[in-house]
There are 2 protein chains.
Amino acid sequence: MLSKKTKYGIKALTYLAKQENKNPVAIATISKSENISLKFLETILLTLRKNGILGSKKGKGGGYYLLKSPSDIPMTTVMRILEGPISMVPCVSLNFYEKCDDCPDENACSVHRLMIKVRDNTLDIFRNTSLADLCKC
Amino acid sequence: MLSKKTKYGIKALTYLAKQENKNPVAIATISKSENISLKFLETILLTLRKNGILGSKKGKGGGYYLLKSPSDIPMTTVMRILEGPISMVPCVSLNFYEKCDDCPDENACSVHRLMIKVRDNTLDIFRNTSLADLCKC
DNA sequence: ACAAACCCTATAGATTTAGTAGATTAATAA
DNA sequence: TTATTAATCTACTAAATCTATAGGGTTTGT
């Protein structure tokens with residue numbers, strides 16, 4: 001299941017991507033428009049900033065803005081920052097790999113093989129979907 | 001992320017599917033072979049039985065066995081019983097649908113549209129993979 | 001100076017996960 | 001019939017994660 005953090009984060013990014021100019025948008029503005037708790041959104045946008053997706057401007061007239069063009073932000077990047085691994089099991093993850101305690105041999109594991117398929121398909125979607133694609137309504 | 005419950009459940013089902021005859025297999029046997037905590041596996045197999053996947057026999061020589069041929073058990077069924085919804089968001093789920101609190105219009109929601117794509121792909125894999133397919137090593 | 005707005009850390013409540021304990025029931029074999 | 005084996009069932013708990021919220025601090029524009 002997708003966490004609210006990820007869901008809200010994507011919604012906020014979409015909101016920013018729809019902006020015509022690159023002017024900073026205040027958290028409160030996004031919060032009201034998307035029905036997201038202000039303080040929660042604050043922490044979400046902060047992590048997006050720390051991970052190089054967003055820039056920010058402090059003080060009056062400040063807010064958050066995209067650092068790149070929406071078409072240059074693939075959903076793989078967004079998902080990994082907000083949700084973590086794209087794979088359903090760590091032993092199949094490309095960026096967050098971890099060995100399973102119980103499996104003596106990964107290649108012999110039925111779950112492993114199945115989840116590789118799922119990961120490949122999901123990854124394919126996220127790789128080929130940019131933030132710009134999400135705005136096309 | 002896939003829960004251990006689901007992971008262990010699938011492993012246990014695969015173990016049973018690999019059995020040549022339809023004789024019941026004791027929980028302890030599966031538990032040892034697959035390195036799964038006995039008591040935890042107990043509850044997992046119980047839910048699989050209650051959901052019509054497994055049959056059981058008590059007493060000596062008892063245990064669990066598959067009620068159908070492995071090729072007649074699609075992974076969609078298994079996943080829904082063990083893991084719940086296949087979708088990443090409830091507003092996109094076929095079998096566990098729930099409206100989002102924050103979304104006034106689903107069709108306008110970028111997350112919704114993206115997650116429909118992911119669901120369709122994942123669903124496709126699970127529909128076209130049976131327990132029998134998992135045994136082919 | 002002052003207000004707007006982001007920055008940062010901590011924490012609390014709710015929920016889920018992963019597993020445990022222990023008594024009970026049913027089937028089999030001797 | 002009795003002992004043994006193995007599933008059944010209820011209830012509980014410890015740990016982790018999620019979903020926020022609190023409460024300041026800092027920066028900026030006017």
Side-chain angles (χ1 to χ4, degrees), chain A residues 1-12 16 23-67 81-85 88-90 96 98 100-102, chain B residues 1-12 16 23-32 34-51 53-67 81-85 88-90 96 98 100-102:
Chain A
M1 275 286 158
L2 207 68
S3 66
K4 301 246 175 184
K5 183 182 170 190
T6 305
K7 190 185 165 197
Y8 293 162
I10 295 176
K11 280 189 155 193
L16 289 172
N23 293 345
V25 180
I27 304 178
T29 310
I30 307 175
S31 156
K32 276 170 204 154
S33 165
E34 302 296 322
N35 302 308
I36 306 168
S37 143
L38 183 97
K39 290 300 256 175
F40 193 23
L41 185 57
E42 203 178 302
T43 63
I44 297 168
L45 297 186
L46 202 59
T47 70
L48 285 169
R49 195 212 50 153
K50 284 184 176 167
N51 283 280
I53 302 290
L54 296 179
S56 64
K57 203 183 163 212
K58 288 183 182 178
K60 198 167 186 178
Y64 282 96
Y65 53 91
L66 292 173
L67 284 176
I81 293 171
L82 293 172
E83 189 73 7
M88 295 187 84
V89 276
F96 302 82
E98 261 178 74
C100 295
D101 298 337
D102 52 310
Chain B
M1 277 284 158
L2 206 69
S3 66
K4 301 247 173 184
K5 182 182 170 189
T6 305
K7 190 185 164 198
Y8 293 162
I10 295 175
K11 281 188 155 194
L16 289 173
N23 294 345
V25 180
I27 304 177
T29 310
I30 307 175
S31 156
K32 276 170 204 156
E34 303 296 322
N35 303 307
I36 305 168
S37 143
L38 183 100
K39 289 301 256 177
F40 192 25
L41 184 58
E42 200 178 302
T43 62
I44 297 168
L45 296 184
L46 202 58
T47 69
L48 285 170
R49 197 213 51 154
K50 284 184 178 166
N51 283 279
I53 303 290
L54 296 178
S56 65
K57 201 182 163 212
K58 287 187 181 178
K60 196 168 186 176
Y64 283 97
Y65 53 91
L66 293 173
L67 284 175
I81 292 171
L82 293 172
E83 189 74 6
M88 295 186 83
V89 276
F96 300 83
E98 262 178 73
C100 296
D101 298 338
D102 51 311

Output yes when K4(A) and D102(B) qualify as a salt bridge under the 4.0 Å nitrogen-oxygen rule, no when they do not. no

Does K60(A) make a side-chain N or O approach to OP1 or OP2 of dC6(C) shorter than 4.0 Å? no

Can you measure Y65(B) atom OH to dA7(D) atom P for me and round it to whole angstrom units? 12 Å

Between K7(B) and C100(A) the two heavy atoms that sit nearest each other are NZ-SG, 3.2 Å

Okay, side chain of S33(A), backbone of I30(A): is any donor-acceptor separation there less than 3.5 Å? no

Within the distance-only criterion (no hydrogens, no angle test), does the side chain of S31(A) pair as donor or acceptor with the backbone N or O of I36(A) below 3.5 angstrom? yes

How would you label the contact of I27(B) with the nucleic acid (heavy atoms, under 4.0 Å): base, sugar-phosphate, or nothing? sugar-phosphate

M1(B) CE - dA18(C) C1' separation (whole Å): 16 Å

Roughly how far, to the nearest 0.5 Å, is CG of L48(B) from CG of L54(B)? 5.0 Å

N/O (side chain, R49(A)) to phosphate O (OP1/OP2, dC7(C)) under 4.0 Å: yes

Reading nucleotides 10-26 of chain D from the 5' end, what letters show protein touch, with B for base, S for backbone sugar-phosphate only, - for no heavy atom under 4.0 Å? ---------SBBBB---

Protein-nucleotide distance (N23(A), atom CG; dG29(D), atom P), rounded to Å: 13 Å

With sequence neighbours excluded, what pairs up with E98(B) under the side-chain contact (heavy atoms from CB on, under 4.5 Å) test? P90(B)

